[in-house]
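One is the number of the first residue; the rest follow in order along the sequence.
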Amino acid sequence: MAFVPFDLTGKVALVTGGNGGIGLGMAEGLAQSGANVAIWGRNPDKNAAATAKLEAHGVEVLAQVVDVTNEAQVDVAMADLIGRFGRLDSCIANAGSSFGRAKFEDMPTDLWRKTMATNLDSAFYTLRAASQRMVERAQAGDPGGSLMAISSMSAVSGAPGGQPYAASKSAMTGMMKGLAVEYARYGIRANTILPGWTMTDLARPALESEGFRKHVLPRMPVRRWGTPEDFAGIAIYLSSEASSFHTGQEFSICGGYTVF
C-alpha cells in the first residue's frame, strides 16, 4: 500500500475550543484531510455553526458542550467521545484565554488563578484523559497517537502586565516535553504549537489598534497578521504519519515574528 502521509481518513481528532478562532482553523484542516472531528466548546450556537462547516467536508463531527476547566466534565466528554468513535488519534488542547493585564506588584490573585485554570489546568485535564485512552489502545496492540498543546509566543517573548498568561503558556512546554519522553514507548508523540499574532475575535481589538499596526506589524516579515487557516497545516502534519519521528518540540507559527 502506498504511503500517503497526510491522509487522516479513519482517524479521530479532538480540538478543544474548536468552535472558533485557531481551533476551528485546525479542526477544518483535519476534516479536509479526512479525519472525523470532535470539538469542545461552551457556546452551543458556535458549536452548531462549526459543526455545519466541518460536516461540509464529508466527515463525522461531534460537538460537545464542555467547560474544560471542569475536571468532571472533561472526563465525561472524553468517555462520550470514545463511545461515539471508539478511538482517539490526536488531541489538541487549544482552549484558553487572556483576562487582561495588571502591574505585577498589583496583580490580583484571582486573575492569576483564573488564567492558570483556563489555560493550563484545562490542558492538563484534557491531555490526561486523552493519554489514558491512547495508552490503553497501545497496550491492546494498536500504538500511536498525537498530543498537542497550543501555547503562545508570550511563552518566549516577555510583555509587561501579562505574566499570568505567559506563565500558563510557558508551563505547557515543560509538560509536553515530559509527555514526549513518557509516552514514546507507546508510539505517542507530544508537541507544542506557539502561535504568533493571529486575527481572532480575542485578538482583534489589539491587532486593529493604531499601536499594533504601527509598532508590531512592521516586525512581521510576512507583513500580515496570521489567520486561523494558517494553523491547519501544522495540525494536519502533527496528526499524520508524516510526523512519526517528531516529538517533544515547539513549533513557532508566527510569520517570522521571532526573526527580529
Side-chain angles (χ1 to χ4, degrees), residues 1-18 23 26-27 29-40 54-55 57-66 68 70-95 121-150 172 174-193 234-249 251:
M1 182 180 293
F3 176 52
V4 185
F6 300 111
D7 181 10
L8 302 180
T9 302
K11 293 186 179 294
V12 177
L14 165 65
V15 185
T16 69
M26 292 187 293
L30 296 168
Q32 288 172 331
S33 294
N36 296 319
V37 180
I39 56 174
W40 290 358
L54 297 173
E55 286 181 337
H57 298 294
V59 300
E60 292 187 54
V61 179
L62 174 63
Q64 299 165 277
V65 177
V66 184
V68 290
N70 185 305
E71 182 177 4
Q73 286 191 30
V74 167
D75 290 340
V76 169
M78 183 61 71
D80 291 344
L81 185 160
I82 298 298
R84 167 73 176 274
F85 293 115
R87 62 186 295 120
L88 178 62
D89 297 282
S90 61
C91 176
I92 305 178
N94 164 73
D121 292 355
S122 66
F124 163 65
Y125 299 147
T126 300
L127 295 169
R128 180 181 61 181
S131 67
Q132 289 169 353
R133 272 58 181 197
M134 292 179 182
V135 169
E136 289 171 358
R137 197 178 77 235
Q139 291 174 332
D142 185 13
S146 179
L147 303 172
M148 290 167 257
I150 306 305
M172 288 182 175
M175 178 171 67
M176 298 310 285
K177 286 183 180 294
L179 295 181
V181 174
E182 184 169 352
Y183 291 134
R185 72 196 70 178
Y186 301 112
I188 300 169
R189 308 179 308 284
N191 293 284
T192 310
I193 300 169
I234 191 63
I236 295 167
Y237 171 67
L238 289 178
S239 295
S240 75
E241 295 306 314
S243 62
S244 62
F245 198 56
H246 217 154
T247 192
Q249 301 297 308
F251 294 81

> Do the non-hydrogen side-chain atoms of D7 and S240 ever get within less than 4.5 Å of each other?
Replying inline: no
>> If the threshold is 4.0 Å, N to carboxylate O, is there a salt bridge linking E136 and R87?
In response: no
>> Salt bridge check, E241 against K11: does any charged N sit closer than 4.0 Å to a carboxylate O?
In response: yes
> Is I92 close to M26 at the side-chain level, that is, under 4.5 Å between some pair of heavy atoms?
Replying inline: yes
> If we only count heavy atoms from C-beta on, is the I188 to L179 side-chain gap below 4.5 Å?
Replying inline: no
> Does the pair R137/D89 count as a salt bridge with the N-to-O cut at 4.0 Å?
Replying inline: yes
> Would you say T192 and Q249 make side-chain contact, with heavy atoms under 4.5 Å?
Replying inline: no
> Cut-off 3.5 Å, side chains only: do S244 and R189 have a donor facing an acceptor?
Replying inline: no
>> Ring-plane angle category for Y237 and H246, please: parallel below 30°, perpendicular beyond 60°, tilted otherwise.
In response: perpendicular
> Would you call M78 and W40 a side-chain contact if the rule is heavy atoms closer than 4.5 Å?
Replying inline: yes
> Does the side-chain contact (heavy atoms from CB on, under 4.5 Å) test come out yes or no for E182 and S131, once each step is laid out?
Replying inline: CA-CA 11 Å; E182 184 169 352; S131 67; over 6 Å; no
>> Whether the side chain of N36 engages the backbone of V12 through a donor-acceptor N/O pair (distance < 3.5 Å, no angle test) should be reported.
In response: no
> Are any non-hydrogen side-chain atoms of R128 and E71 less than 4.5 angstrom apart?
Replying inline: yes
>> We want to know whether S146 and S90 form a side-chain donor-acceptor pair, criterion being a heavy-atom distance below 3.5 angstrom.
In response: no
